[in-house]
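In the text below, chain A, chain B and the rest are named by the order of the sequence lines, each starting its count at 1.
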Amino acid sequence: MFPLKDAEMGAFTFFASALPHDVCGSNGLPLTPNSIKILGRFQILKTITHPRLCQYVDISRGKHERLVVVAEHCAQSLEDLLRERKPVSYSKVLCIAFEVLQGLKYMNKHGIVHRALSPHNILLDQKGHIKLAKFGLYHMTGHGDDVDFPIGYPSYLAPEVIAQGISKTSDHTPSEKPLPSGPKSDVWSLGIILFELCMGRKLFQSLDISERLKFLLTLDCVDDTVIVLAEEHGCLDIIKDLPESVMNLLKKCLAFHSSKRPTPSELMQDKVFSEVSPLYTPFVKPASLFSSSLRCADLTLPEDISQLCKDINNDYLAERSIEEVYYLWCLAGGDLEKELVNKEIIRSKPPICTLPNLLFEDGESCGQGRDRSSLLDDTTVMLSLCQLRNRLKDVGGEAFYPLLEDDQSNLPHSNSNNELSAAATLPLIIRERDTEYQLNRIVLFDRLLKAYPYKKNQIWKEARVDIPPLMRGLTWAALLGVEGAIHAKYVAIDKDTPIPTDRQLKICVPASPAPGMQCPETPCSSKPQPEGLDSLCAPFLYLNFNNEALAYACMSAFIPKYLYNFFLKDNSHVIQEYLTVFSQMIAFHDPELSNHLNEIGFIPDLYAIPWFLTMFTHVFPLHKIFHLWDTLLLGNSSFPFCIGVAILQQLRDRLLANGFNECILLFSDLPEIDIERCVRESISLFCWTPKSATYRQHAQPPKPPPESGVRSSTPYFTDCPEPPKTELSRESISLNDLKSEVSPRISAEDLIDLCELTVTGHFKTPPKKTKSSKPKLLVVDIRNNEDFIRGHISGSINIPFGTAFTAEGELTQAPCTTMLQNFKGKVIVIVGHVSKHMAEFAAHLVKMKYPRICILDGGINKIKPTGLLTIPAPQI
Amino acid sequence: MKKYRGRFSNREREFVYKFKVGTQCLELKVPLQFPVEEDASHLHGRLMLLHNLPCFIENDLKEALSQFVEEESLRDYDSDAEASLEAVKSGEVDLHQLASTWAKAYTETTLEHARPEEPSWDEDFADVYHDLIHSPASETLLNLEHNYFVSISELIGERDVELKKLRERQGIEMEKVMQELGKSLTDQDVNSLAAQHFECQQDLENKWTSELKQSTAIQKQEYQEWVIKLHRDLKNPNNSPLSEEIKVQPSQFRESVEANGRIYEEQRKLEESFTIHLGAQLKTMHNLRLLRADMLDFCKHKRNHRNGVKLHRLQTALSLYSTSLCGLVLLVDNRINSYSGIKRDFATVCQECTDFHFPRIEEQLEVVQQVVLYARAQRRSKMKDSRDSGNQSGERDEKAKNTDRNYLNILPGEFYITRHSNLSEIHVAFHLCVDDNVKSGNITARHPAIMGLRNILKVCCTHDITTVSIPLLLVHEMSEEMTIPWCLKRAELVFKCVKGFMMEMASWDGGISRTVQFLVPQSISEEMFYQLSNMLPQIFRVSSTLTLTSKH
């Protein structure tokens with residue numbers, strides 16, 4: 001989007017027509033309210049950006065099917081020129097005509113027809129260039145089907161539009177739906193407007209509407225519409241004086257039969273514009289972030305860099321895009337309805353005065369007069385930016401132009417920077433509503449994203465703080481590493497050939513933006529299982545409503561990362577493994593809860609499948625999903641486990657107090673979850689979890705590490721680039737074995753890492769910096785005493801398996817067991833020979849509510865080759 | 001008129017594309033459905049994939065395809081335009097009718113072309129009143145209203161006393177006569193006396209009715225004039241005696257000293273409230289209340305405690321012209337009058353106090369009757385039209401049934417609406433017509449009464465009625481056949497239906513929070529009440545309580 005510059009924002013409102021009573025759609029479901037249809041069609045208008053068109057910004061839905069549209073606006077329009085009652089100079093008329101045609105041509109290219117062209121919808125900006133307003137009204141109302149009022153103004157309607165009459169689609173069976181108006185009807189309207197400009201007065205003022213329309217239709221019989229129009233208005237002499245080019249233009253525009261009328265793009269090529277057209281350079285749409293073309297291809301820097309800074313004034317806000325300014329305007333307390341009420345555009349009668357007298361059983365009401373407040377008033381109200389500017393008056397220029405150096409720590413912090421860092425400690429909800437803070441974040445992310453992928457690392461870093469809602473779509477794409485010619489790839493997918501899963505999809509995704517949109521097929525499987533995919537699509541589609549290609553690209557990056565192979569035709573082994581690891585994670589973090597749930601038989605299969613299959617989108621409303629995924633995208637594929645455990649912990653008290661049936665009921669309608677707390681806790685859980693504990697053999701195989709410079713700081717809380725597989729990594733075990741074990745296994749690698757053992761010799765991993773935050777850990781060796789003495793991990797304690805527990809299941813009293821008790825709450829690793837014994841021992845400890853128990857994968861034998869076992873000095 | 005259009009839309013055309021691979025000349029033919037609705041670039045992608053086309057023609061094909069689509073659509077537009085112009089020219093479409101349809105559309109839907117609004121007394125008064133009641137003058141207004149109310153109640157009191165006296169006197173007379181019966185007087189004498197008595201009563205009642213009517217009319221006029229004057233004076237505060245009056249008035253509150261047994265005892269009301277969530281992703285919150293109370297309790301002014309009265313009154317008055325109204329569903333029979341049953345009780349309550357804003361209930365009912373007559377006539381002619389053209393046999397049966405009916409009556413499931421400013425807690429009454437069917441045990445969700453409820457909730461949506469009270473069992477009085485299982489079954493049905501309707505409502509109005517009160521008759525047992533209140537949370541999703549825990 002362009003910078004706001006000197007443009008202003010305006011809002012206008014109208015009502016969508018009410019649905020007929022008790023009519024169902026062909027699928028038997030209730031009809032979508034018209035206001036929602038309009039809301040959906042509006043979205044594409046936001047992407048239509050052209051200097052001759054008023055940029056659409058937002059639409060909001062009010063009570064009783066009211067819609068408020070926000071768009072760029074200018075105070076001046078051609079109406080003001082006409083009001084002067086003087087003919088406009090011919091060269092100016094040609095310029096206006098050409099500029100309007102530029103706008104029309106661009107619209108037509110996007111399949112949009114204006115239909116409501118009139119002098120007051122052709123605005124003049126500060127430099128005197130025109131901008132077309134309300135160009136999307138015909139499109140967003142479904143060619144006028146979804147509103148009661150006719151689109152267009154009586155004096156400017158093209159003859160064929162009049163002749164087609166007013167007909168709603170509902171009157172027709174779909175097969176004989178009339179065609180909407182074509183691009184040529186706008187050319188007629190333009191012709192009338194140009195005629196008025198030449199005459200310096202409005203046409204048909206003395207006639208009432210039906211006479212006007214009748215007159216327009218009778219123009220068929222005459223040879224020259226221009227002359228007849230001039231005669232009718234007594235201004236033949238002015239017409240006679242018109243230069244040839246203008247006269248030609250008028251004649252072309254006012255050709256009665258549309259077949260003889262040129263389209264906007266044809267007309268632009270006409271020789272009448274030969275003088276004007278060289279003045280304008282054709283508009284080239286700037287390349288968007290994820291396009292295949294080079295974004296800087298056309299960039300030329302002037303010889304003298306300081307020239308760039310010459311025309312910068314102090315109005316930094318005007319340099320932001322209108323979308324950002326509107327977003328900030330809303331944050332700074334802007335209220336659309338209130339503005340419209342203040343200007344008396346929204347006038348509503350007290351509802352008690354408009355009640356009907358009688359309603360029939362089919363819902364038809366009687367005895368209620370037409371409410372005048374529902375009439376269309378298409379005045380556009382300017383939205384004042386005063387309040388916002390006032391709010392931001394103390395924000396300095398550096399906030400609008402932050403430096404993007406990687407290392408900012410040694411820069412002196414300015415005052416506002418301190419304030420910002422203070423704001424950063426506030427809860428997320430408050431930060432998201434703070435105007436200044438959001439301004440800073442938006443500007444920062446905007447600049448970082450413009451530098452993507454070069455600034456990828458810094459995007460990761462800033463995303464860890466928070467992601468401004470306005471930039472979320474692109475930021476997520478950046479976090480998922482979307483790159484390349486996504487659009488071309490998306491276009492190349494066959495989205496229309498019906499496949500068996502279509503029907504189900506149709507039911508699942510009723511609100512998909514475009515009729516042809518299908519769920520992106522996951523790259524890992526040719527036939528996706530749609531179950532769950534719809535919910536999964538929702539966040540991406542919501543954020544990238546107008547960019548399906550980007551949404552698809554995000555999806556195809558997201559699914560292999562978090563849900564690898566989940567959508568296979570037979571995914572049971574993947575899901576089973578996933579759930580087993582999840583239940584091990586519950587036992588690891590919350591043994592008490594795990595014991596209780598196992599006791600009542602409330603296994604994850606009963607509740608957690610939709611959680612993971614949809615990455616919680618099925619469980620939480622979208623606004624919560626955004627916050628959850630903001631963090632999820634920063635973590636690796638095992639982060640969802642931690643979220644799952646964190647959710648369970650929030651419900652802990654209730655789960656512990658209840659039996660199976662109550663738990664099922666509780667989960668069928670999940671109570672409110674405090675999402676910020678959930679995110680916080682899952683991060684801390686993640687930090688406590690050894691990486692290899694969540695090892696899954698069906699996870700995505702680690703990619704060969706690419707250029708280490710980029711990757712090294714990408715993953716989240718701890719540095720854990722997927723390590724290359726070594727002999728010390730975990731080995732895959734069968735599902736049944738996995739299921740039989742309560743506690744997770746960790747790899748020898750992790751153990752070495754956690755114990756901070758120095759590795760000698762051949763071991764590749766470079767010794768890491770010791771971190772104070774590393775969880776302390778206790779290694780419990782359950783071999784018998786002799787083996788222990790022959791060699792053990794330094795710092796480990798020995799509790800032989802055979803004698804560890806009394807008959808009652810208590811720990812036997814010994815110095816070592818007291819040590820174990822002291823370490824309760826820390827990570828405890830069970831080491832031994834026999835994996836069965838280790839598992840049993842761990843299960844015992846879990847029973848006794850020891851948290852964070854894990855087993856060394858492969859037992860002591862794994863450690864032996866590393867030479868890390870020590871032999872204690874013989875005791876005397 | 002519209003038939004000719006079918007020829008021009010939905011046509012299939014063939015897109016032909018020729019290209020060369022080496023020396024081979026190939027031709028691609030694609031049938032395309034016009035008007036093209038999908039994006040040409042997607043179509044292009046599909047073609048490439050489907051026919052395994054070589055990549056070197058990609059761009060060329062793309063261009064050719066979009067050009068083809070563009071040209072063909074333009075041709076369609078042109079021919080469509082031509083055809084419609086031709087239709088007008090040839091007279092197939094009447095020019096005058098066409099023009100007047102357009103003109104009508106403009107005048108009916110746009111402010112620019114609409115006829116200027118004629119000033120309406122009601123709405124002006126509404127604005128004035130709304131301003132005043134939200135100003136310091138509200139106290140004065142309420143006091144005035146209360147004083148008027150008291151004087152009406154005094155009148156009613158007098159009437160009742162007089163009527164009672166008359167009845168007593170007549171009773172004694174009649175007793176005397178009865179003793180004399182067979183001795184000096186015949187049956188005929190008794191009959192004539194009875195007739196005479198009846199006439200006397202009628203006369204007296206009529207006299208009082210007209211007196212009441214007169215005094216309410218006077219009160220209403222006085223009141224409205226006074227309100228307008230007050231508003232005018234408040235606007236220009238200098239030299240207004242009234243604004244002084246406002247300051248003084250509160251002290252001179254007139255005590256009403258009447259405790260003539262017309263006080264409604266507060267029966268033990270049972271009440272349970274619930275907060276519920278509807279919807280899965282976008283949740284909306286609503287309040288539900290289950291009450292054991294009489295429907296008319298929401299209408300009657302309770303005279304015994306003054307403060308409560310004033311608060312209720314103030315609350316009702318404040319929201320009268322606002323966007324949060326309160327409504328009540330009354331179950332009535334198919335006649336629009338106020339002669340019997342709950343209709344009469346309701347009318348009696350309405351008359352206890354002058355309605356300063358809306359017409360009296362009798363007048364409102366008369367208007368409803370006219371609307372019913374008019375609407376029926378309209379529907380009949382419409383049905384005739386459709387029958388003439390469509391000739392559906394199914395509708396004929398219904399039609400035959402309809403002709404038998406009295407057009408003044410309404411059918412089950414239909415309802416009429418009256419507006420009130422003089423009732424204690426409600427502004428709007430929905431009079432829902434039900435028949436004796438509702439007493440039977442097996443009604444379904446498609447029963448007219450239930451559909452009526454749905455329409456009532458829909459009106460609530462469109463007219464900002466945020467609180468509505470519904471008789472849960474769809475009866476006002478309990479009777480023998482209404483056993484415990486009957487009650488449970490009925491309550492479940494109504495709960496479930498209302499839940500469904502409320503979910504539907506969320507899509508109509510964007511999920512505004514509402515209060516729905518379910519009323520059960522007074523005569524229901526306490527045990528039964530608690531059974532019902534246990535049922536409610538099983539049907540609605542009661543929002544879970546927020547547990548506050550200390551930070552650890």
Side-chain angles (χ1 to χ4, degrees), chain A residues 30 33 61 63-64 148-150 154 159-160 162-167 172 175-179 182 184 208-210 213-214 217 220 257-259 263 349-361 363 366-367 370 372 375-377 491-496 515-516 621-622 669 671-672, chain B residues 5-6 9-10 35 38 41-42 45-46 49 76-78 80-82 84-85 88-89 95 98-103 105-106 109-111 113-114 117 122-123 126 281-282 320-321 323 325 367-368 371-372 375 411 413-417 419 427-428 448 451 455 462-464 507 509-510 541 544:
Chain A
R61 198 171 156 242
K63 260 209 250 177
H64 309 321
D148 289 329
F149 53 89
E160 69 269 16
I162 303 170
Q164 270 163 350
I166 307 168
S167 51
H172 300 264
S175 64
E176 54 172 317
K177 187 168 132 188
L179 276 179
K184 286 179 179 178
D208 76 9
I209 295 173
S210 69
L213 300 180
K214 276 185 222 166
L217 281 180
D220 186 19
H257 292 280
S258 74
S259 45
T263 63
K349 284 186 188 176
I352 195 155
C353 296
T354 58
L355 276 169
N357 286 115
L358 175 82
L359 257 91
F360 289 110
E361 203 200 327
C366 303
R370 197 174 164 84
R372 200 181 149 81
L375 298 183
L376 171 75
D377 182 350
V491 160
I493 299 167
D494 182 2
K495 292 171 286 289
D496 293 320
L622 265 183
D669 171 29
E672 284 289 301
Chain B
R5 262 177 211 141
S9 49
N10 273 340
E38 63 183 324
S41 65
H42 289 193
R46 224 179 109 202
L49 205 69
D76 273 353
Y77 283 132
D78 282 350
D80 198 38
E82 215 54 50
S84 44
L85 286 175
V88 176
K89 201 176 170 190
L95 179 63
L98 185 71
S100 63
T101 323
W102 273 99
Y106 276 107
T109 57
T110 56
L111 198 65
H113 303 285
E117 193 173 25
D122 280 358
E123 279 158 34
Q281 282 267 321
L282 288 171
L320 180 60
Y321 292 112
T323 53
L325 298 171
V367 172
V368 170
V371 168
V372 170
L411 294 170
E414 298 175 344
F415 61 91
Y416 52 92
I417 300 172
R419 302 172 284 161
H427 306 110
V428 179
M451 295 322 287
N455 288 331
T462 52
H463 289 85
D464 297 310
S507 79
D509 67 355
R541 250 180 220 180
S544 47

Asks: Measure A:Leu355 against the heavy atoms of chain B and call it side chain, backbone, both or neither at under 4.5 Å.
Replies: both

Asks: Between B:Trp102 and A:Ile162 (side chain of the first, backbone of the second, donor and acceptor by atom type, cut-off under 3.5 Å), is there such a pair?
Replies: yes

Asks: Are the side chains of B:Tyr106 and A:Pro154 in contact, using a 4.5 Å heavy-atom criterion?
Replies: yes

Asks: Under 4.5 Å heavy-atom distance to chain A, tell me which part of B:Val428 shows up: side chain, backbone, both or neither.
Replies: side chain

Asks: For A:Leu375 and B:Ala114, work out which heavy atoms get closest and say how close.
Replies: CD1-CB, 3.6 Å

Asks: Does A:Leu213 reach the side chain of B:Leu98, with side-chain heavy atoms less than 4.5 Å apart?
Replies: no

Asks: Is the shortest heavy-atom distance from the side chain of A:Ile352 to the side chain of B:Asp464 under 4.5 Å?
Replies: no

Asks: State the CG-OG distance between B:Leu85 and A:Ser258, to the nearest 0.5 angstrom.
Replies: 7.5 Å

Asks: Side chain, backbone, both or neither: which part of B:Ala105 has a non-hydrogen atom closer than 4.5 Å to chain A?
Replies: both

Asks: Shortest non-hydrogen contact from B:Val88 to A:Ala163?
Replies: CG2-CB, 3.7 Å

Asks: For a quick test of reading the model, state the closest non-hydrogen atom pair linking A:Pro150 to B:Thr109 and the distance between them.
Replies: CD-OG1, 3.4 Å

Asks: Indicate the atoms forming the closest heavy-atom contact of B:Arg419 with A:Cys353, along with that distance.
Replies: NH1-CA, 3.6 Å

Asks: Please report the closest heavy-atom contact between A:Ser259 and B:Asp78, naming both atoms and the distance.
Replies: CA-OD2, 3.6 Å

Asks: Among A:Asn357, A:Leu358, A:Leu359, find the residue that satisfies the side-chain contact (heavy atoms from CB on, under 4.5 Å) test when tested with B:Tyr416.
Replies: A:Leu358

Asks: Could you tell me whether a side-chain N or O of A:His257 sits under 3.5 Å from a main-chain N or O of B:Glu82, the two making a donor and an acceptor?
Replies: no

Asks: Determine the minimum heavy-atom distance between A:Leu179 and B:Tyr77, stating which atoms define it.
Replies: CD1-N, 4.1 Å

